[in-house]
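Throughout, protein chains are lettered first and strands after them, A, B, ... in sequence-line order, and every chain is numbered starting at 1.
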Amino acid sequence: MKEADAIKLFIGQIPRNLEEKDLKPIFEQFGKIYELTVIKDKYTGMHKGCAFLTYCERESALKAQNALHEQKTLPGMNRPIQVKPADSEGRGEDRKLFVGMLGKQQSDADVRKMFEEFGSIEECTVLRGPDGTSKGCAFVKYQNNPEAAAAINTLHGSRTLPGASSSLVVKFADSEKERGIRRMQQVASQLGVISPMTLHLGAYNAYTQVLVQQQALVAQSAYLSPVSTITMQQLAALNPSSLIATPIASLTTSGTSTPPNMAATPVPALPPPLNYPPVPAPPNGQPASETLYTNGVHSYQGPEGCNIFIYHLPQEFTDSEMLQMFIPFGNVISAKVFVDRATNQSKCFGFVSFDNPSSAQTAIQAMNGFQIGMKRLKVQLKRPKDANRPY
DNA sequence: TGGTATT
């Protein structure tokens, strides 16, 4: 029914209102489809905006990827469709090596010379800092996996280069997923997760024991697939703000009218702040979780005039903290802090969408200029997509 | 001045 070397493709950037039957016509022009599955949330059944696709023939997958990947944007999407081998297909990181413990003075050419006897090198790059100095490591990509494996076998630990503190390291480069785990671990250590001592708890009592057990569970799930089960929210949830060692309290500015409790941040479960700035009651008593539908397409954005832009957010504000902050002004359709994809760090701005312009105006009136720590929030209507950029 | 998701 399908070839042994068929490739399972990951399809991304598909509108959430398209099901298998809608997608089929787009893809079957490249060959007979063996399996096409929209990815849905295991528990809620929610369409995740992506799918898996396997053609009967390997060649069809390659054709579809060539013709469609990043080539076309489906209606309602902001970015072009993604058509590429699924993560489960091993994606060719099996021929890319990480090389560590190089000397600082070794160039791309030096490294290439050392590795070229094992196969055809497609890419060879010494990693360098902003000032151009070598970080003492490199990536080397061969044309195939056996070449890479041969280089590991012969070179790993084989010698200590001048200027290096230890013997040469040659191993397969981390996959995207492994890099994700590494980032999470860095964040975790920054937050002081894991060690009760860094939480300034003093004694290792029954409470901290439970806390650390919970952390171990989350950490475990980070090593098993799917890696995405660990999130910043989960990390934050494990850190009651009163226990966090980082000096968040320093955000509070004394001598202003700012409610001090606005500065104690990353606790999703935090009840809405008590000392809010003057706030009229929300226009109605509806819960803020109502979802807006436009033409049957799930939309995260309210109508024109309902979406606000918030700048100068505290670095540690997440979606849920921002949601908490704006719930008093009306029905919040979505609250999104802009996060840098590479670092997972907040860029200190975000968007909140209401279901009506009046709530948005109320929120702007009440919150623009609102002081948090040393900064004042800038709260305005979101610039429409097609707006002319003044500069 | 957004929305990238991997059974």
- How is Lys84(A) classified with respect to the nucleic acid when contacts are heavy atoms under 4.0 Å: base, sugar-phosphate, or nothing? base
- Note on the structure: Winner on side-chain proximity to Arg79(A), out of dA5(B), dT4(B), dG3(B), is dT4(B)
Less than 3.5 Å apart, which donor and acceptor atoms pair up between the side chains of residues 42-52 of chain A and the rest of the protein, not counting sequence neighbours?
residue: Thr44(A); atom: OG1; partner: Asp41(A); partner atom: OD1; Å: 3.2
residue: Thr44(A); atom: OG1; partner: Met46(A); partner atom: N; Å: 3.1
residue: His47(A); atom: ND1; partner: Gly49(A); partner atom: N; Å: 2.9
residue: His47(A); atom: NE2; partner: Leu18(A); partner atom: O; Å: 2.7

- Message: Under a plain distance cut-off of 3.5 Å, with no hydrogens placed, do Thr362(A) and Gln365(A) share a side-chain donor-acceptor pair?
- Response: no
- Message: Could you check whether Phe349(A) and Phe309(A) have their ring centres less than 6.0 Å apart?
- Response: yes
- Note on the structure: In whole angstroms, the gap separating P of dG3(B) from NZ of Lys48(A) amounts to 18 Å
- Taking only the side-chain heavy atoms of Lys382(A) (C-beta and beyond), determine which of dT6(B), dT4(B), dT1(B) contains the nearest atom. dT1(B)
- Query: Of the nucleotides dT6(B), dT4(B), dG2(B), which one has an atom closest to the side chain of Ser334(A)?
  - Reply: dG2(B)
- With a 3.5 Å cut-off and just heavy-atom distances, do the side chain of Ser353(A) and the base of dG2(B) make a donor-acceptor pair? yes
- Query: Could you state the CG-C1' distance from Leu313(A) to dG2(B), rounded to the nearest angstrom?
  - Reply: 13 Å
- Roughly how many Å is it from CZ in Phe349(A) to C1' in dG2(B), rounded to a whole number? 8 Å
- Considering only side-chain heavy atoms of Phe309(A), which listed nucleotide, dT4(B), dT1(B), dG3(B), is closest? dT1(B)
- Message: Starting the side chain at C-beta, find the nucleotide from dT4(B), dT1(B), dG2(B) nearest to Asn307(A).
- Response: dG2(B)
Anything under 3.5 Å between a donor and an acceptor, one on a side chain of residues 117-132 of chain A, the other on a protein residue two or more places apart or in another chain? List them.
residue: Glu122(A); atom: OE1; partner: Arg95(A); partner atom: NH1; Å: 3.0
residue: Glu122(A); atom: OE2; partner: Arg95(A); partner atom: NH1; Å: 3.3
residue: Arg128(A); atom: NH1; partner: Gly132(A); partner atom: O; Å: 3.2
residue: Asp131(A); atom: OD1; partner: Thr133(A); partner atom: N; Å: 3.3
residue: Asp131(A); atom: OD1; partner: Thr133(A); partner atom: OG1; Å: 3.0

- Whole angstrom is fine here: how far is it from NZ in Lys42(A) over to C1' in dT6(B)? 13 Å
- Item | Nearest-angstrom distance from the residue atom CG of Asp87(A) to P of dT4(B) | 16 Å
- Regarding the side chain of Phe10(A), the nearest nucleotide among dT4(B), dG2(B), dT6(B) is dT6(B)
- Query: Base, sugar-phosphate, or nothing: which does Phe338(A) touch, judged by heavy atoms less than 4.0 Å apart?
  - Reply: sugar-phosphate
- Message: Nearest whole Å is fine: how far is dG3(B) P from Arg16(A) CZ?
- Response: 12 Å
- Task: Using heavy atoms to find the nearest nucleotide of DNA chain B for Gln13(A) and Phe52(A) separately, return the residue whose nucleotide is more 5′.
- Result: Gln13(A)
- How far apart are the C-alpha atoms of Gln371(A) and Arg376(A), what are their side-chain angles, what is the distance that settles it, and do they pass the side chain to side chain donor-acceptor pair (under 3.5 Å) test? CA-CA 4 Å; Gln371(A) 186 161 1; Arg376(A) 286 180 183 278; 3.2 Å; yes
- Item | Nearest-angstrom distance from the residue atom CG of Asn78(A) to C1' of dT1(B) | 13 Å
- Query: Whole Å only: how far is the CD atom of Glu35(A) from the P atom of dT6(B)?
  - Reply: 18 Å
- Note on the structure: Winner on side-chain proximity to Gln82(A), out of dG2(B), dT4(B), dT6(B), is dT4(B)
